[in-house]
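In what follows, a single structure is set out as structure tokens and then discussed.
Just so we're clear, the structure is a prediction, and the values are computed from it rather than from any experiment.
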Amino acid sequence: MHTDAVCEITGLRLIDIWRYFRHTWTTAYKSTPGRKMYFLIRDRAAPCHPVIGIGALGSGIVQLAARDSWIGWTGAAILKRVTDAPSAKWARWLDRSLEELIAGRRTDDILRRAKLTARVLSKPTPEALERLSRLATTAREKHRKTPQRGRHKGASGKTVSDWAALSETYLFEAKRAESLVVLLSAKLSLQAAGFAKPTLENLMHALKDKAARRAIEVVIRHVKARHVGVDMMDITVCGAVASYGAILGGKLVSLLMASPTVVSTYNERYANSASIIASAMAGTAIRRRPHLVLLGTTSLYDVAPSQYNRLKVPSSAFGGTDSDLEFLRIGETEGYGSHHFSQTTNELFERLTARGQDGRRVNSIFGEGVSPKFRRVRGALDALGLTSDRLLQHGSARAIYAVALATNFRDVLIGVSKRARYILPDDNVGTEALVSYWRRRWLAQRILRPEVVESIRQHCLAFPVVHGARVRLPELSTDGPLFDAS
């Protein structure tokens, strides 16, 4: 939904309706940076179209070991694919990917400061890499001491008018120089191993060289970073509101998050949206046309959520490809994080890290790095001489789920394929098929159970209202005046 869209029935903003029902959740909602979309699922068969459930998509977690292993999104996994079946196609992919990554960095100013020419971009040398490394170190130190918050504040693809100016901040100058050192080092290793042109023969030579193989893994990691926030999203909110939970409305909401309607809405919304980090790195607006091919999510607790359990729609239900649409449990998180530290403790950690001699290492600026809260806590624990690895282990592992939306999602996620082959028909037919399957598979059986009907009857909208989808406000104190006379 668009943030300014208004409900035709109530006159309220749709985003406010979404937020209201989100307050009926037992867990607090925390907004995260990056791309995000909100969805209301309503019952068109009932008067006034009551809300069945709510959902939201957000930018995917960058590093998740079990998920990346299942996708084959690791350097080792993709390198094995290349090694097992080397081809001219893989050689062209490697050369094209590396050149695109280098071209995606603004270099004119940092080459000038390092007293280098553009020739080093095609023929890197150890001396050039050393100069760029020194430049990166200097810019990183400046950012820690003077983070230039004002120049970063409010930066978004819609508000930034001068990407070149944003690229010149200490943060992005450091990031550009650091990434350029890494990419040019990879290029130098590949050239030294004989990969001067993208041919099968040259690729075969490079695969025999350890330094070249490490260079290929570097390219793979950077290619992954280009796709993780564009072609893959996480389901960050998903569930039914009372009284639809009793009839397994959560399963319907889950299925609809993987529907062609959601996919096309996401692809259209971000088709012309500038990527903040990519644009700041390039010094110009970078718009990457998305192809949403994979959804990921994790359970809230260390038990599998019932709404994802056995959630599968066979291909026969929608007449699409031979692949089924399924919420697959692919592993568990490592039970590693910082959410078990209280707000007070986190505030004290922030004060501690702010007193460092070299400035703040974590300034919560978008583009500075993933998981700023986690890095801040780790830095504070290390500064106190405590074993951060042990204290950050909260032991509450969460189930990880993945939903493939396209049969070739793995190739899309590493840039081998430019076009997604979607599992569901790319129109309203696919979405209607999911709703019809939910009615037959779950709703038709559920509404025949007397205890289910009785549980729904408990939610009453007549005065006095007793309804599970109502946000209960705190009771007013009767011990004193409503307003302070002073």
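- Annotation for A66 and I330: closest pair CB-O, 4.3 Å, computed over non-hydrogen atoms.
- Nearest heavy atoms, S189 versus A211: CB-O, 3.8 Å.
- Among all heavy-atom pairs drawn from A136 and A177, the shortest one is CB-CB, 3.6 Å.
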**Prompt:** Would S306 and N309 satisfy side-chain hydrogen bond (donor to acceptor under 3.5 Å, both in side chains), going step by step from the backbone distance to the final call?
**Reply:** CA-CA 5 Å; S306 60; N309 189 32; over 6 Å; no

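- Other residues, nucleotides and ligands place no more than 12 heavy atoms under 6.0 Å from the CD atom of E201.
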**Request:** Given side chain to side chain contact (heavy atoms under 4.5 Å, CB included), test R105 with S179 step by step and report yes or no.
**Result:** CA-CA 8 Å; R105 273 75 179 154; S179 64; 3.1 Å; yes

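- Between R287 and S273, the side chains place no donor N or O within less than 3.5 Å of an acceptor N or O (distance only, hydrogens not considered).
- For S279 against I286, the heavy-atom pair with the smallest separation is OG-N, 2.9 Å.
- Of the possible donor and acceptor atoms, none in the side chain of R398 sits under 3.5 Å from a partner among the backbone N and O of T333.
- Checking side-chain atoms of R446 against main-chain N and O of L248 turns up no donor-acceptor pair under 3.5 Å.
- The backbone N or O of A65 sits nowhere less than 3.5 Å from a side-chain atom of S69 that would complete a donor-acceptor pair.
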**Request:** Quick one: do M233 and L295 satisfy side chain to side chain contact (heavy atoms under 4.5 Å, CB included)? Show the steps, please.
**Result:** CA-CA 5 Å; M233 295 286 280; L295 296 178; 4.2 Å; yes

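- A donor-acceptor contact shorter than 3.5 Å links the side chain of K36 to the backbone of G34.
- Heavy atoms only, all atoms of each residue included: I414 and W93 are closest at O-NE1, 2.8 Å.
- Between K224 and D68 there is a salt bridge, since at least one side-chain N of the basic residue sits less than 4.0 Å from a carboxylate O of the acidic one.
- With a 4.5 Å cut-off on side-chain heavy atoms, L434 and V313 count as touching.
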**Prompt:** Going through the checks in order, is the salt bridge (charged side-chain N to carboxylate O under 4.0 Å, His left out) test met by R96 and E99?
**Reply:** CA-CA 5 Å; R96 182 183 70 251; E99 292 304 319; over 6 Å; no

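- A donor atom on one side chain and an acceptor atom on the other are not found under 3.5 Å apart for N428 and T431.
- The existence of a salt bridge linking D95 and R92 is excluded, since no basic side-chain nitrogen approaches an acidic carboxylate oxygen closer than 4.0 Å.
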**Prompt:** Can you check side chain to side chain contact (heavy atoms under 4.5 Å, CB included) on Q445 and R440, steps first, answer last?
**Reply:** CA-CA 8 Å; Q445 302 175 44; R440 296 193 307 271; over 6 Å; no

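- In this structure a side-chain-to-backbone donor-acceptor pair under 3.5 Å is present from R106 to A164.
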**Request:** Apply the test side chain to side chain contact (heavy atoms under 4.5 Å, CB included) to residues T107 and I102: give CA-CA distance (whole Å), side-chain angles for both, the deciding distance (0.1 Å), then the verdict.
**Result:** CA-CA 9 Å; T107 59; I102 294 173; 5.6 Å; no

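- Screening R421, K89, R81 for a salt bridge (charged side-chain N to carboxylate O under 4.0 Å, His left out) with D411, the sole residue that qualifies is R81.
- Counting only distance, with no hydrogens or angles, the side chain of R13 and the backbone of V6 share no donor-acceptor pair below 3.5 Å.
- Here Y244 and W438 keep their ring centres 6.0 angstrom or further from each other.
- Counting heavy atoms of neighbouring residues, nucleotides and ligands inside a 6.0 Å radius, atom CD of E8 does not exceed 12 of them.
- In plain terms, the two heavy atoms of Q191 and S122 that are nearest each other are NE2-O, 2.9 Å.
- Between the side chain of Y422 and the backbone N or O of L292 there is at least one donor-acceptor pair closer than 3.5 Å.
- Using modelled atom types, one side-chain atom of R176 and one backbone atom of S167 make a donor-acceptor pair closer than 3.5 Å.
- Remark: the R35 side chain and the Y266 side chain contain an N/O donor-acceptor pair separated by less than 3.5 Å.
- Between the side chain of S417 and the backbone N or O of R419, no donor-acceptor pair lies under 3.5 Å.
- In this structure, L40 CG and I52 CD1 are separated by 11.0 Å, a value rounded to the nearest 0.5 Å.
- Geometric assessment of R221 against the ring of W73 yields a negative cation-pi assignment under the 6.0 Å and 45° thresholds.
- Distance alone, capped at 3.5 Å, is enough to place a donor-acceptor pair between the D234 side chain and the I61 backbone.
- Using a 30° and 60° split on the angle between ring planes, F327 and Y308 fall in the parallel class, below 30°.
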